[in-house]
Number of protein chains: 2
Amino acid sequence: MLKRVTLKEVAARASVSYQTVSKVINHKSHVTGETEERIYAAIRELGYTPSYTARSLRSQRSNTIGYSWQPSPPDQANPILDEFLQSMFRTAETCGYYLLCFPYHGEVSRQLDTYRDLIDTGRVDGFVLSVVNYGDPCVNYLLKRKFPFVAFGHLDDLQTFPYIDVDGGLGLHMAVDHLLSLGHRKIAALAWPEDSRVGNNRMDGYFNAMHEAGIEVQPEWVQRGVGSYEVGFNSTLRLLAMPEKIRPTGIVAMNDLMAIGAMAAIRQLGLFPGKDIGVTGFDDAPTARYLNPPMTSLRQPVSSIGQNLMQRLITYLETGVYPEPVGELVAPQLVIRASTTGVETGELSN
Amino acid sequence: MLKRVTLKEVAARASVSYQTVSKVINHKSHVTGETEERIYAAIRELGYTPSYTARSLRSQRSNTIGYSWQPSPPDQANPILDEFLQSMFRTAETCGYYLLCFPYHGEVSRQLDTYRDLIDTGRVDGFVLSVVNYGDPCVNYLLKRKFPFVAFGHLDDLQTFPYIDVDGGLGLHMAVDHLLSLGHRKIAALAWPEDSRVGNNRMDGYFNAMHEAGIEVQPEWVQRGVGSYEVGFNSTLRLLAMPEKIRPTGIVAMNDLMAIGAMAAIRQLGLFPGKDIGVTGFDDAPTARYLNPPMTSLRQPVSSIGQNLMQRLITYLETGVYPEPVGELVAPQLVIRASTTGVETGELSN
DNA sequence: AACGTTCGCGCGAACGTTCGCCCAATCTTG
DNA sequence: CAAGATTGGGCGAACGTTCGCGCGAACGTT
């Protein structure tokens with residue numbers, strides 16, 4: 001931590017006023033090519049780097065974006081965190097921004113305290129939110145304070161804010177269509193509780209696809225639970241114990257973990273996933289392809305979402321308007337593997 | 001972004017000089033209990049929050065810690081990232097620090113540029129490094145600049161810097177001992193290439209444990225590769241094709257993914273992991289318990305490592321000395337499941 | 001030749017803190 | 001009881017930028 005080189009020293013060396021140096025490096029004023037060169041030379045020779053702190057004190061901007069997320073339970077990895085973060089701060093960096101990560105607090109008040117602190121102390125210029133639940137308190141808070149943010153995920157249409165979301169309904173539609181195309185008619189769903197926003201979005205796709213195929217969904221086909229392995233396992237045992245007439249031959253799960261539980265239950269009954277019962281997951285966790293059998297799942301285009309969100313936010317910060325469209329749904333990709341087709345895809349070069 | 005409340009306004013309301021207010025909130029000077037109360041009342045009434053930017057401009061400290069990590073390949077989730085990050089910024093927050101995450105660049109020069117920029121612009125006070133490889137360029141750079149950092153992982157003893165590392169050697173020793181106790185004698189290892197620092201640390205434990213048990217390690221037992229599923233799979237096929245005399249009955253892998261590949265290979269030969277061949281992994285990825293069979297693996301105490309690292313770094317920043325010991329090895333935990341014992345542990349409440 | 005315009009750059013003034021020094025009043029001490 | 005020590009608080013000066021304004025010279029236009 002040696003003494004830092006300042007604007008004034010650069011200016012002295014280039015024989016101009018230090019304010020001129022500032023203007024040059026910010027491209028705020030036209031100067032002669034000759035003086036500009038002199039200034040850049042001085043900068044290079046002295047190894048000058050502008051002080052981020054002084055700069056943001058004066059300009060009232062921190063060039064920092066805040067992001068917080070709900071930690072995963074220990075038995076459930078967050079399959080997209082790494083990719084999402086990397087895509088965000090990679091994009092941010094090219095625009096001169098950095099990403100500040102801060103803790104997620106369970107209690108709403110502490111959660112909001114953290115956001116307030118970051119805003120009031122001037123540490124961040126905007127936030128990226130991962131919106132999962134109905135009536136997210138952070139969304140309301142930021143809307144009320146008119147503080148810039150973009151969200152991964154959206155709510156109902158009552159509150160309008162910039163977001164990108166994966167079209168989970170479309171995803172499940174694709175999964176169901178896939179099973180239908182394989183000849184399945186009795187297709188069950190491993191769903192989240194009814195108060196799950198993401199879950200309901202996805203389930204809509206299930207219901208629509210079944211309806212469009214002219215199949216009446218039996219109420220027993222919809223098994224709800226917290227999204228754990230155990231729920232998937234036990235629900236599947238129940239499904240496969242049903243009378244032949246309504247016993248499902250296909251199962252779509254709202255996440256990978258329930259699908260993994262389902263496959264375990266299927267095997268425990270002496271059946272084989274993909275041969276006897278088709279199973280699909282959601283998220284395409286990295287291990288999905290290494291399961292036995294490899295699992296069909298829906299992959300979210302995480303990198304492009306992160307990049308897109310960050311770009312929108314920065315655009316807003318620098319221009320004052322959000323690029324259209326304010327909200328956007330993107331399609332997931334159905335990655336087909338043996339848990340539905342019964343045949344190895346050759347994706348693994350064994 | 002309304003006008004912010006400043007020290008001066010608080011001071012005016014409390015009828016003191018604004019510098020006194022500063023001293024009070026920083027506990028730098030003793031004042032009458034009475035004036036102190038007046039000041040705090042004014043702060044509360046006006047809703048004052050100190051400007052982070054102005055504060056750090058003056059005090060030359062950003063109260064921010066930088067962290068960057070190598071992104072995982074898409075087929076390999078980082079099983080500890082979420083927990084590590086959460087533990088770090090949770091600890092940081094209680095001390096008034098935040099965590100700045102920035103991109104990892106493949107090319108060394110760009111990587112160092114990023115570190116330099118963060119230092120020279122004054123954005124961070126210190127770094128947390130994840131040190132994986134021999135001769136990490138960032139370590140050298142930061143040592144040379146005498147810039148504060150702590151590391152998750154360590155190198156040889158030539159360069160000394162504060163670190164915490166999981167004792168991978170001990171971990172593999174435990175894994176081998178576990179297999180020995182189950183009666184295995186011919187134990188193979190799925191290893192990383194020889195230039196892998198982490199890999200060599202772990203392999204030392206394998207060799208030591210075998211040596212202590214009086215078993216001569218056959219050269220063919222050590223199969224090296226990049227740590228992928230495919231490497232685990234193919235290496236295991238080779239191992240199990242060996243003549244009865246040296247054909248291993250136990251396999252320790254340097255990571256979970258190779259162990260998963262090994263289990264797949266075992267099954268493909270009509271054998272069953274845990275019954276016929278014992279398999280252990282490393283990292284205890286969340287999905288390890290949901291595999292068929294559930295996999296024995298070594299778990300790193302990630303949360304306590306993150307917390308500990310952050311505390312050490314902040315202690316150094318505030319006192320100028322690193323707490324002893326400067327380097328510390330912590331033991332991983334062997335999580336025993338059916339891939340070695342052959343019996344379900346009941347960890348899953350099926 | 002007189003007159004706007006643009007160009008290139010300088011200058012003073014913030015931005016909101018913390019730091020070091022000073023001073024007056026009170027308290028201790030031999 | 002004089003002299004030093006302590007306490008409570010004020011004051012000016014940074015910290016390193018960016019912002020807005022202004023001014024002289026060069027330029028092109030009637």
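Since the model is a prediction, treat every value here as computed from it, not as a measurement.
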*Any idea how B/Phe102 and A/Tyr98 line up, ring-wise: parallel (<30°), tilted (30 to 60°), or perpendicular (>60°)?*
perpendicular

_Do the side chains of B/Glu93 and A/Arg110 get close enough for a salt bridge, i.e. N-O under 4.0 angstrom?_
yes

*For the pair made of CZ in A/Arg55 and C1' in C/dG16, what is the distance, rounded to whole Å?*
19 Å

_Rounding to an integer number of Å, can you tell me how far A/Asn26 CG sits from D/dT17 P?_
10 Å

*Calculate the interatomic distance between A/His30 atom NE2 and C/dC9 atom P; express it in whole Å.*
12 Å

*Let me know the distance between CZ of A/Arg123 and P of C/dG16, rounded to the nearest Å.*
17 Å

*For the side chain of A/Arg58 and the base of D/dT17, is some donor closer than 3.5 Å to an acceptor across the two?*
no

_Interatomic distance, B/Leu46 CG vs C/dG16 P [rounded to whole Å]_ = 14 Å

*Over 60° means perpendicular and under 30° means parallel, so classify the ring planes of A/Phe161 and A/Tyr163, tilted if in between.*
perpendicular

*Just checking B/Thr32: base, sugar-phosphate only, or nothing, at a heavy-atom cut-off of under 4.0 Å?*
sugar-phosphate

*Which is true for B/Tyr52 with a 4.0 Å heavy-atom rule: it touches a base, it touches only sugar-phosphate, or it touches nothing?*
nothing

*Go through the N and O atoms of the side chain of B/Gln19 and the base of D/dG12, and report whether any donor-acceptor pair is under 3.5 Å.*
yes

*Of the nucleotides C/dG16, C/dT18, D/dT18, which has the atom closest to the A/Gln60 side chain?*
C/dG16

_Tell me which nucleotide, if any, is Watson-Crick or G-U wobble paired with D/dG28 when both distances must be under 3.5 Å._
C/dC3

*May I ask you to say whether A/Asp113 pairs ionically with A/Arg116, meaning some side-chain N is under 4.0 Å from a carboxylate O?*
yes

*Quick one: on DNA chain D, does A/Lys23 or A/Leu7 contact a more 5' nucleotide (nearest heavy atom)?*
A/Leu7

*Nucleotide nearest B/Val31 when distance is taken to its side chain, options C/dT18, C/dC11, D/dG9*: D/dG9

*asked:* Using OP1 and OP2 only, check whether a side-chain N or O of A/Ser22 sits under 4.0 Å from D/dT17.
replied: no

_Can you give me the closest heavy-atom contact between A/Val330 and A/Pro301, atom names plus distance?_
CG2-CG, 3.9 Å

*asked:* What is the distance, to the nearest angstrom, from the CZ atom on A/Arg38 to the C1' atom on C/dG8?
replied: 12 Å

*The side chain of B/Ala54 lies closest to which of these nucleotides: C/dG16, D/dG16, D/dT18?*
C/dG16

_Distance below 4.0 Å between B/Ser17 side-chain N/O and D/dG10 OP1 or OP2_ = yes

_Could you tell me the Watson-Crick or G-U partner of C/dC27, where both distances fall under 3.5 Å? Say none if there is no partner._
D/dG4

_Is the phosphate of C/dC19 approached by B/Lys28 (side-chain N or O, under 4.0 Å from OP1 or OP2)?_
yes

_Side chain of B/Ser59 (C-beta onward), nearest among C/dG10, D/dT17, C/dT18_ = C/dT18

*asked:* Starting the side chain at C-beta, find the nucleotide from D/dG9, C/dG12, C/dT18 nearest to B/Thr35.
replied: D/dG9

*So what does A/Ser51 hit on the nucleic acid, given a heavy-atom distance under 4.0 Å: a base, only sugar-phosphate, or nothing?*
sugar-phosphate

*Rounded to the nearest angstrom, tell me the gap between atom NZ in A/Lys8 and atom C1' in D/dA14.*
10 Å

*Taking OH from B/Tyr18 and P from D/dG9, how many angstroms apart are they, rounded to a whole number?*
17 Å

*Backbone N or O of B/Lys28 within a donor-acceptor pair of the B/Asn26 side chain at under 3.5 Å?*
no

